[in-house]
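A quick write-up on the structure given underneath.
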Number of protein chains: 2
Amino acid sequence: MPTKKKPQVTAAPARRRELLDTAAEVFAEQGYNATTVRKIADHAGMLAGSLYYHFDSKESMLEEILRTFLDELWAGYDTVLDAELDPRETLEALVTESFREIDRHRAAVAIYQKESKQLVAQERFGFLAESQRRFEKAWLSTLERGVAARVFRADLDMRLTYRFVRDTVWVAASWYRPGGQHSPEEIARQYLSMVLDGIAVRE
Amino acid sequence: MPTKKKPQVTAAPARRRELLDTAAEVFAEQGYNATTVRKIADHAGMLAGSLYYHFDSKESMLEEILRTFLDELWAGYDTVLDAELDPRETLEALVTESFREIDRHRAAVAIYQKESKQLVAQERFGFLAESQRRFEKAWLSTLERGVAARVFRADLDMRLTYRFVRDTVWVAASWYRPGGQHSPEEIARQYLSMVLDGIAVRE
DNA sequence: ACGCTTCCCTAACAAGTGTTTGGTAGGTTA
DNA sequence: TAACCTACCAAACACTTGTTAGGGAAGCGT
């Protein structure tokens, strides 16, 4: 007797996306562990059990949310990296792209920031670890290229600089609200100005 | 009939501190909600119920951890602020002091970062909101003094700069490990160098 | 020897958790 | 009309959660 076919693999993902979006927002707001499937169902206007028609577990919702986000993120990053710009342009493009992703996937980014550290331990979320490696490689190599080309300072610890830039950008997801007074591009511009030139007045 | 006197208010806090330290580390590692009292008890070498001899709830452990941290943080900050240094020296001192606190209270800082946003909603943790207001005021006024004194750039959005500096510093708690190759002061020095002067090469 | 305090254990509790099972109203297809 | 699929509900399941009540062993003062 075959297991009853559930729609998660094949069927029209219209409703799925809706549910995933609301789930993502609840996850981001309350934290994954503090979010019960009943709360998600409430926000979606249905009962807890009904979620299991669309998904086969709470964890699989989380996985799909993060996977979708990372897929789009890397689509954007790869476009930038393949353009073979010079180091400074690459950094600017990566930062700008990052803020655009925060704009589009604010909930998923917030979830990623809060939970990824504990999730990478599970084999199910191994794709997070792989993404992190690619991420570090992309940023670190850009910084190193910049140092070699004498456009970035050589007197800084490279790994420290990497974490500095990375965190600086992505923590913004914790306070950023789409539709605020600054567009992602405007925020990126000011952040880049601070990161590249500093906040002190030049002599 | 009076409630049985528990030692949390009066007695020798030696054992309490030990238990709070291990609780803080488990909270920081697994997240508050994902941490069960049984896990904390495991790490402490005792059973779940025994914790309730020292504390009256899981939440009160969390509160005491955060309160202890914030008390020490403000002791340090107030010393800096009362010294009435010029804006740049104040900023440098605040950043350095922040990294020292991260060094001393790494677990508490990590917990604060992850959970404070959801905790401030509860009245029990109202002291977090008050601390945040003082915090913002201290940093923002330092930045504004710096702009007025023409040592910090005037062309930046002040609130954006504040969040930039704040996040830049405190996110470090997520990867910082005491006893690493860099001392808190050394990390502060490099961070300040980046924040003040930027990572780009000067002409 | 006695009482008292400190610190922990054993055993259970009620509430809440993710998940499953069977059912059903409404629309679509044959 | 009959068969079927979609999307949900109602009710329960086994388990985990924070917490409590009662007890007991060890140490200390008297």
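A note on names: the letters A, B, ... follow the listed sequences, proteins ahead of strands, and every chain is numbered from 1. Heavy atoms only: backbone and side chains are in, while hydrogens, waters and symmetry mates are out.
- For dC8(C), one of the phosphate oxygens OP1 or OP2 lies less than 4.0 angstrom from a side-chain nitrogen or oxygen of Arg15(B).
- Counting heavy atoms from C-beta on, the side chains of His105(B) and Leu73(B) never come closer than 4.5 Å.
- Residues of residues 32-46 of chain A that place a heavy atom closer than 4.0 Å to DNA chain C, in numerical order, are Thr35(A), Thr36(A), Val37(A), Arg38(A).
- The two atoms that bring Val120(B) and Lys117(B) nearest to each other are CG2-O, 3.2 Å, heavy atoms only.
- Panel note: side chain Arg100(B), backbone Glu185(B); no donor-acceptor pair is recorded below 3.5 Å.
- For Leu62(A) and dG18(C), the CG to P distance is 13 Å, given to the nearest whole Å.
- In this structure, Phe164(B) and Gln190(A) have side chains that are not in contact, with every pair of non-hydrogen atoms separated by 4.5 Å or more.
- Looking at residues two or more places apart in sequence or on another chain, you find a salt bridge (charged side-chain N to carboxylate O under 4.0 Å, His left out) between Glu186(A) and Arg189(A).
- Here Ser50(B) does not reach the OP1 or OP2 of dC7(C): none of its side-chain N or O atoms lies under 4.0 Å away.
- The shortest distance between the side-chain N/O atoms of His54(A) and the OP1/OP2 oxygens of dC8(D) is below 4.0 Å.
- For dC7(C), the OP1/OP2 oxygens have a side-chain nitrogen or oxygen of Tyr53(B) closer than 4.0 Å.
- The aromatic rings of Phe127(A) and Phe125(A) sit tilted, their planes meeting at an angle between 30° and 60°.
- Between Phe69(A) and Trp170(A), the ring-plane angle classifies as perpendicular under the 30° and 60° cut-offs.
- In this structure, Lys58(B) atom NZ and dT20(D) atom P are separated by 14 Å, rounded to whole Å.
- For Ser57(B), taking side-chain heavy atoms from C-beta onward, the closest of the listed nucleotides dT19(D), dC9(C), dT19(C) is dT19(D).
- For the pair Leu51(A) CG and dA10(D) P, the interatomic distance rounds to 14 Å; values are reported in whole Å.
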Is there a salt bridge (Lys or Arg N to Asp or Glu O under 4.0 Å) between Glu18(B) and Arg15(B) once you walk through the steps?
CA-CA 5 Å; Glu18(B) 269 185 46; Arg15(B) 185 70 175 130; 2.9 Å; yes

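- For Tyr52(B), whose side chain is taken as the heavy atoms from C-beta onward, the closest listed nucleotide among dT20(C), dT20(D), dC9(C) is dT20(D).
- Taking atom CG of Leu47(A) as the reference point, atom C1' of dG23(C) lies 14 Å away to the nearest angstrom.
- For the pair Arg16(A) CZ and dC8(D) P, the computed distance is 13 Å after rounding to whole Å.
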Contact list (N/O, under 3.5 angstrom) for nucleotides 24-29 of chain C vs protein:
none

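- With Lys58(B) contributing its side chain and Tyr32(B) its backbone, the two residues share a donor-acceptor pair below 3.5 Å.
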